[in-house]
Protein chains: 2
Amino acid sequence: MIESTLVSVDVLVLRFDPDARAVLLGVAPRALDPFAGALALPGVLLGRGERLREATRRAVTGKLGVPDAAVTATGQLATFDEPSRDPRGPTLSIALWATVAPTRPDDGTTTWTPLDAVPPLAFDHDRIITDCRPLLADKLWRDPQFTAGLLGGEFTTAQALDVTESLTGDRPYPANLGRTMDRVPGLERTAQHAAALPKGGRPPLVWRWTSPTTGSPRDDNARSDSSVVAAGAAVHRRRS
Amino acid sequence: MIESTLVSVDVLVLRFDPDARAVLLGVAPRALDPFAGALALPGVLLGRGERLREATRRAVTGKLGVPDAAVTATGQLATFDEPSRDPRGPTLSIALWATVAPTRPDDGTTTWTPLDAVPPLAFDHDRIITDCRPLLADKLWRDPQFTAGLLGGEFTTAQALDVTESLTGDRPYPANLGRTMDRVPGLERTAQHAAALPKGGRPPLVWRWTSPTTGSPRDDNARSDSSVVAAGAAVHRRRS
DNA sequence: CCAAAAGTGTTCAGTATACACCCATGA
DNA sequence: TCATGGGTGTATACTGAACACTTTTGG
């Protein structure tokens, strides 16, 4: 019988830090030997019969020390199959994303780093990040799970500006971002204004999700999480 | 030691049939027992250390009888992890696409079916197709590998119309599709006109790829094929 | 009152769509 | 010469980006 392939799951864990006003990526030093001590994405071997979502949560809670309840959403990104990516032998790596609720950190060994300044990582994790970053930016405002997972159930325009800037590299005009958010299904402006920001300035609006994007009573049949989100509209329409 | 996960590769094989004027999906009856005799997507177990692209070609040539040289391009779609999707036990299924050069078929057992009328298939393959179809439509004119793989190195506007209609469900106006193709990098109008169509009508223009999209001297490091294609533009730009 | 920063309305350009009309073929 | 169907040009609507101006806070 042919020896079967090993499958590992590597997770790009994103957390919005309201103080740093930026989206941070969680990495942790490796405990065991290949690259022991070096920073790496949290990852685990996929158990037999284990679902990708379970393995993802296991990686995030186990390797980063994030409480399970703080993991707000997960989803697929891409698969990496270079045979020599792991010195121990050929291992398939499925890259996934996970979002952590936007609170302050606390844990010890976990490093939360801005996406623009990720330190060199073990294995091919640098390349995984390079390849997957545009995919993450694309999910903002298009994948409700991802967006709500990052920003939480209630957030301000100012925070939305910060998150957008972190992921895309550009800070949109508040007016235009507001119109973009108006078009996001399940998201609505509230009448409330948040407290003003430390530097002063007009207090930003509060936005809230109407549909229960958090929680997770989602379609769960065969596909792991919301990997498949429409992306751009198809080319050309006709006749309506 | 924990038993590791089994990984199978299931392929959505697309071929443009110039006679039928449609994109067809290749399925074949299963030889072995789970669902023996039932139609299914071509799939194989991923060997240890085998690359996804190799396994994909192995599935297409082995299960569909397509010559290896006719497989023009391959790429990732999504991963399906429902533990009960295979009665033999939990098996991960990585769905990939493959394109076959646009020639007439020949093989015996392989069924080439329009995407709109795929018969019921074994395993969860119906769901795989349902989930992946929008991803395929999205790749047309955006992923050069996919598009060139489907249409070949040289094709006519009429064929481009047929392919677009097959994948998206709408038949664009020839004029508008021409402008769309003008914006595709590496694709250019030639001065030639093809022979007129059977029904008469003006002979369509011939289009040709300038860059060597066929062949495949592509980036090949860690990621299998062109799974990661930009999708839609990110939300909002600012300052140039 | 001034600086900071969000919110409102408007302008502008680029893009997508629809369609009238033209052209080239087969029958 | 008619039917068929792609090619050309153009009008219209829509969308996204930019920005002047207003509003609301802290100092």
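All of these numbers come straight from a predicted model, not from anything done at the bench. Letters A, B, ... are given to chains in the order of the sequence lines, protein chains preceding strands, and every chain is numbered from 1.
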* Structure fact -> Rounded to whole Å, CG of A:L205 lies from C1' of D:dT23 at a distance of 12 Å
* To do: Check whether the side chain of A:R179 and the base of C:dG9 form a donor-acceptor pair under 3.5 Å.
  => yes
* Candidate nucleotides C:dG9, C:dA16, D:dG6, ranked by approach to the side chain of B:R183 - the nearest -> C:dA16
* Asked: How long is the line joining CH2 of B:W207 and C1' of D:dG6, in whole Å?
  -> 12 Å
Under 3.5 Å, which protein N or O atoms sit close to an N or O of nucleotides 1-4 of chain D? Give each pair with its distance.
from: D:dT4; atom 1: O2; to: B:G201; atom 2: N; distance (Å): 2.9

* **Test side-chain contact (heavy atoms from CB on, under 4.5 Å) applied to A:A70 - qualifying residues, sequence neighbours left out** => A:V66, A:P67, A:V100
* Minimum-distance nucleotide to B:A158 side chain [options: C:dA6, D:dA17, D:dG6] -> D:dG6
* To do: Applying side-chain contact (heavy atoms from CB on, under 4.5 Å), name anything that partners A:S166, two or more places apart in sequence or on another chain.
  => A:A22, A:V23
* Can you name the side-chain contact (heavy atoms from CB on, under 4.5 Å) partners of A:R202, sequence neighbours left out? -> none
* To do: Could you check how far CE of B:M181 sits from C1' of D:dG7, rounded to whole Å?
  => 11 Å
* Asked: Please, which pairs that meet salt bridge (charged side-chain N to carboxylate O under 4.0 Å, His left out) have at least one residue in residues 147-160 of chain B, sequence neighbours excluded?
  -> B:E154-B:R208
* To do: Whole angstrom is fine here: how far is it from CD in B:Q159 over to C1' in D:dG6?
  => 13 Å
* To do: Rounded off to whole Å, could you give me the CG-to-P distance for the B:L177 and C:dT15 pair?
  => 17 Å
* Identify whether any heavy atom of B:A195 sits under 4.0 Å from a base atom; if not, whether one sits that close to sugar-phosphate; answer base, sugar-phosphate or nothing. => nothing
* Would one find a side-chain N or O of B:Y173 under 4.0 angstrom from OP1 or OP2 of C:dC19? -> yes
* Asked: Which one, C:dA6, C:dG7, D:dG7, comes nearest to the side chain of A:L161?
  -> C:dA6
* To do: Just jot down the side-chain contact (heavy atoms from CB on, under 4.5 Å) partners of A:Q159, sequence neighbours excluded, or say none.
  => A:F16, A:P18, A:L151, A:F155, A:T156
* Value in whole Å for how far the P atom of D:dG9 lies from CG of B:D182 -> 12 Å
* Quickly work out the A:H193 NE2 to D:dG26 P distance and round it to whole Å. => 14 Å
* Structure fact -> Quick note, B:P203 side chain, CB onward, closest among D:dG7, C:dA24, C:dG7 is C:dA24
* Hey, could you give me the CG/CG distance between B:L115 and B:L136, rounded to the nearest 0.5 Å? => 7.5 Å
* Looking only at side-chain N and O atoms, does B:T157 come under 4.0 Å of OP1 or OP2 in D:dG7? -> yes
* Structure fact -> In whole angstroms, the gap separating C1' of C:dT10 from CG of A:N176 amounts to 12 Å
* **Presence of B:R171 side-chain N/O under 4.0 Å of D:dG6 phosphate oxygens OP1/OP2** => yes
* **Heavy-atom closest pair, residues A:L96 and A:I94** => CD1-O, 3.5 Å
